[in-house]
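A quick write-up on the structure given underneath.
The figures that follow rest on heavy atoms only: side chains count, while hydrogens, waters and symmetry mates do not. Chain naming here is simple, since letters A, B, ... match the order of the sequence lines and numbering starts at 1 in each. Quantities reported herein were computed from a predicted structural model and do not represent experimental measurements.
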Amino acid sequence: MKTIYMKDLANYYNQEIEISGFVDKIRDLQYVQFVIVRDSTGKVQVTIEKNDINQAMNELVSHLTKESTITAKGIIYDRPNVKLRGMEFVPSSFDITSVSEEQLPIDVLDYTNATDKELRLDYRFLDLRTERNYLIFKAQTLCEMAMREYWLENDFIEIHSPKILGTASESGAEVFKMDYFGKTVYLAQSPQFYKQMAMAAGFNNVFEIAPVFRAENSHTAYHATEFTSVDCEISWIKSHHDVMDMEEAFCKRMLLKLKTEIDDDYKRLFNKEINLNDVPFPRISFADCKRIIQEKYHYTGEKAHDIDRREEELIGIYAKKTFKSDFVFVTEYPFAARPFYHMLDENGLTKSFDLLYCGVEITTGAQREHRLDILKKQAVEKGLPLESLEFYFNFFKYGVPPHGGLGFGLTRFLMKLFDTESIREVTLLYRGPNRVNP
RNA sequence: GGUCCUGUGGUGUAGGGGUUAACAUGCCAGUCUGUCACACUGGAGAUCGCGGGUCCAAAUCCCGUCGGGACCGCCA
């Protein structure tokens with residue numbers, strides 16, 4: 001007999017079925033026992049009267065512990081007076097398939113969510129048993145699916161670039177060094193060079209969803225030393241605006257998918273609706289961004305060539321107020337704030353952009369410099385050793401399409417979507433300067 | 001990397017020189033005619049992160065150490 005998931009129980013009223021799940025709660029009264037059983041799709045009340053026929057089951061349940069797993073056969077009834085979903089399951093057999101220890105290290109059902117976040121991460125497998133956390137990873141799955149649908153329709157190829165590198169990939173971030181049969185190698189902190197290689201290979205458009213590693217001792221709510229980066233790169237573009245068009249399209253596709261699939265649960269568990277953000281994402285130049293923040297909010301960031309956390313938040317607020325958009329592109333950053341491979345425009349500014357979502361940077365993108373002489377010149381300006389980049393420069397020697405691309409931080413997006421305090425809560429298993437377990 | 005904060009039963013907190021170390025929740029046992037955040041009664045559970053110092057007396061004050069967090073910087 002096949003296990004019926006909790007979400008589907010209403011299709012089986014008055015039929016003999018089998019259910020399985022974790023023991024969520026036990027209420028053992030004088031003449032009746034209630035066991036709330038939970039799987040990832042929902043809960044149901046299992047009701048067992050205390051009588052001669054049920055004696056064996058009664059005995060089992062009286063010593064049952066929370067979070068143990070059970071399988072029961074029986075009949076599901078429509079019972080409007082039961083508060084939990086108006087149904088109840090009356091078993092004819094009840095088996096304990098695994099026994100949980102009595103005392104749990106964290107409060108799994110903690111509806112106030114008060115347990116220390118770090119302790120919850122130590123016991124992540126228990127923490128993840130909640131409906132709330134399940135929904136986060138369901139949303140992640142849907143986001144990736146929506147993006148893939150978009151890319152497939154637009155002739156993208158999925159690539160899997162190597163994560164062990166002989167030369168440090170250049171993205172401004174620090175790299176992890178690793179011993180490799182006596183030689184030093186580096187963990188990829190970006191698929192950047194390989195996406196560009198795919199452009200040189202004539203793959204018109206590519207994407208990759210894969211881990212990247214950054215040796216940055218960053219202690220913030222939105223950094224990790226290992227995270228999943230969504231990268232794409234497209235050919236034959238006229239400017240970085242073509243790259244932004246592409247990103248805007250897949251972001252909207254993602255929100256639409258989320259709205260269609262999980263809006264009810266999202267409302268119930270997070271108390272807000274998916275915002276389709278059905279307006280053009282505003283595109284504000286770096287210079288205008290600085291000017292607007294000064295004029296409207298009387299704030300001046302510390303750095304002239306980049307925007308700081310406060311400025312990100314303020315421009316996010318401005319975009320929401322003025323354009324009703326959670327998203328805002330900030331474009332044409334100064335070269336000082338950007339890597340050497342970003343293409344410069346006639347004003348000496350980069351043909352680049354960041355995408356901010358609810359005041360947090362979720363993307364850096366740009367048109368890439370594909371003309372080898374200029375590319376080398378820019379590398380020299382940044383003080384990079386040309387010898388180590390020889391393999392990269394080779395990509396540009398035999399014809400390469402004008403191209404550009406971006407990296408999208410999926411966890412940062414999810415963090416803001418679900419209003420979590422930290423990226424850790426939307427990462428399956430977080431990796432940071434102080435955490436490499438479990 | 002810089003600045004600041006924090007460590008007390010399983011969990012979350014209170015207590016800030018002398019307490020039987022308190023409260024909530026969880027756990028165990030019992031009572032309870034169907035509960036639904038069940039209720040009620042009782043019980044177990046803490047060498048107050050670790051080491052040292054001051055003091056008649058330290059969870060409490062001081063020094064050190066270890067763990068953890070927040071914000072900023074760096075980036076996705």
Side-chain angles (χ1 to χ4, degrees), chain A residues 24-36 43-51 62-63 65-67 79 81-88 90 100-123 126-127 170-175 189-192 209-231 247 301-303 306-310 312 337-339 354-357 360-365 406-416 421-424 426-427 432-435:
Chain A
D24 198 74
K25 204 162 260 194
I26 305 153
R27 291 191 275 273
D28 191 349
L29 310 187
Q30 191 178 17
Y31 298 118
V32 66
Q33 294 168 318
F34 300 104
V35 181
I36 309 300
K43 300 176 186 181
V44 74
Q45 171 170 292
V46 173
T47 304
I48 309 166
E49 281 189 38
K50 287 187 176 171
N51 57 33
S62 69
H63 294 104
T65 53
K66 283 202 244 183
E67 298 303 317
R79 292 265 198 273
N81 57 326
V82 175
K83 286 186 183 168
L84 183 66
R85 303 175 67 200
M87 59 172 68
E88 104 185 322
V90 178
S100 169
E101 290 191 14
E102 286 167 0
Q103 194 74 257
L104 295 158
I106 64 170
D107 190 350
V108 175
L109 303 175
D110 182 10
Y111 45 87
T112 60
N113 210 29
T115 307
D116 182 67
K117 292 274 188 330
E118 283 301 301
L119 192 64
R120 296 193 82 103
L121 291 188
D122 288 339
Y123 290 93
L126 293 178
D127 187 32
E170 175 55 41
S171 85
E174 292 296 313
V175 290
Q189 27 106 299
S190 165
Q192 183 59 37
I209 301 178
V212 293
F213 307 89
R214 307 229 167 143
E216 281 167 348
N217 197 7
S218 297
H219 298 266
T220 79
Y222 35 82
H223 284 85
T225 48
E226 175 179 348
F227 66 95
T228 303
S229 177
V230 176
D231 271 272
E247 178 161 38
E302 301 269 307
K303 294 167 299 177
D306 210 344
I307 63 176
D308 63 25
R309 280 290 306 127
R310 182 80 190 128
E312 283 178 5
R338 298 274 137 160
D354 274 9
L355 179 62
L356 310 186
Y357 175 60
V360 168
E361 179 188 335
I362 60 168
T363 281
T364 293
L406 60 88
F408 175 92
L410 185 55
T411 40
R412 282 199 179 169
F413 171 74
L414 290 170
M415 172 187 170
K416 297 311 284 185
E421 281 173 22
S422 165
I423 204 170
R424 298 165 205 197
V426 298
T427 306
N434 292 326
R435 180 174 288 277

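For Asp308(A), the side chain to side chain donor-acceptor pair (under 3.5 Å) criterion is met by Tyr299(A), not counting sequence neighbours. In this structure Glu226(A) satisfies the side chain to side chain donor-acceptor pair (under 3.5 Å) test with no other residue, sequence neighbours excluded. With sequence neighbours left out, the salt bridge (charged side-chain N to carboxylate O under 4.0 Å, His left out) criterion links Lys43(A) to Asp24(A). Applying the side-chain contact (heavy atoms from CB on, under 4.5 Å) criterion to His219(A), with sequence neighbours excluded, gives Asn217(A), Pro433(A), Asn434(A). For Asp116(A), there are no salt bridge (charged side-chain N to carboxylate O under 4.0 Å, His left out) partners, not counting sequence neighbours. Contacts of Ser218(A) classified as side chain to side chain donor-acceptor pair (under 3.5 Å), with partners at least two apart in sequence or in another chain: none. With sequence neighbours excluded, the residues forming a side chain to side chain donor-acceptor pair (under 3.5 Å) with Arg310(A) are Glu313(A), listed by chain and number. Qualifying salt bridge (charged side-chain N to carboxylate O under 4.0 Å, His left out) partners for Lys303(A), counting only residues two or more places apart in sequence or in other chains: none. Annotation: salt bridge (charged side-chain N to carboxylate O under 4.0 Å, His left out) contacts of Glu302(A) (sequence neighbours excluded): none.
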N/O contacts under 3.5 Å, protein versus nucleotides 23-30 of chain B?
{"from": "G26(B)", "atom 1": "O2'", "to": "Gln103(A)", "atom 2": "OE1", "distance (Å)": "3.3"}
{"from": "G26(B)", "atom 1": "N2", "to": "Gln103(A)", "atom 2": "NE2", "distance (Å)": "3.0"}
{"from": "C27(B)", "atom 1": "OP1", "to": "Lys66(A)", "atom 2": "NZ", "distance (Å)": "3.4"}

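On a pure distance criterion of 3.5 Å, a polar donor-acceptor pair joins the side chain of Gln45(A) and the base of U35(B).
Put simply, CG on Leu29(A) is 8 Å from P on C36(B), counting in whole angstrom units. We find that CZ of Phe408(A) is positioned 9 Å from C1' of A76(B), with the value rounded to whole Å. Atom-to-atom, CD of Glu312(A) to C1' of C74(B) comes out at 12 Å; the value is rounded to the nearest Å. In this entry the distance linking CZ of Arg338(A) with C1' of C75(B) reads 10 Å, nearest Å. Between the CG atom of Leu119(A) and the C1' atom of G7(B) there is a distance of 13 Å, rounded to whole Å. The CG atom of Asp354(A) sits 7 Å away from the P atom of A76(B) (whole-angstrom rounding). In this structure, Glu101(A) places its CD atom 11 Å from C1' of G10(B), rounding to the nearest Å. Whole-Å rounding puts the Leu84(A) CG to G34(B) C1' distance at 14 Å.
Residue contacts shown for Val230(A) are absent, as no nucleic acid heavy atom lies under 4.0 Å away. Nucleic acid contact class of Asp28(A) (heavy atoms, under 4.0 Å, all strands): base. Note on Glu49(A): a base of the nucleic acid sits closer than 4.0 angstrom, heavy atoms only. At a threshold of 4.0 angstrom between heavy atoms, the contacts of Glu88(A) include nucleobase atoms, whether or not backbone atoms are also involved.
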Q | Strand RNA chain B in bracket notation, Watson-Crick/G-U under 3.5 Å with | for pairs to another chain | A | (((((((..((((....[...)))).(((((.......))))).....(((((..]....))))))))))))....

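Among all heavy-atom pairs drawn from Glu361(A) and Arg412(A), the shortest one is O-NH1, 3.0 Å. Nearest heavy-atom pair across His223(A) and Thr220(A) is ND1-OG1, 2.6 Å. Taking both residues in full, the closest heavy atoms of Glu312(A) and Leu356(A) are given as O-CD1, 3.8 Å, listed atom of the first, atom of the second, then distance.
Not one side-chain nitrogen or oxygen of Thr115(A) sits closer than 4.0 Å to the OP1 or OP2 atom of U11(B).
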Q: Sugar-phosphate atoms are those with a prime plus P, OP1 and OP2; base atoms are the rest. Using that split, label each nucleotide of nucleotides 66-73 of chain B B, S or - for protein heavy atoms under 4.0 Å, 5' to 3'.
A: --SSSBBB

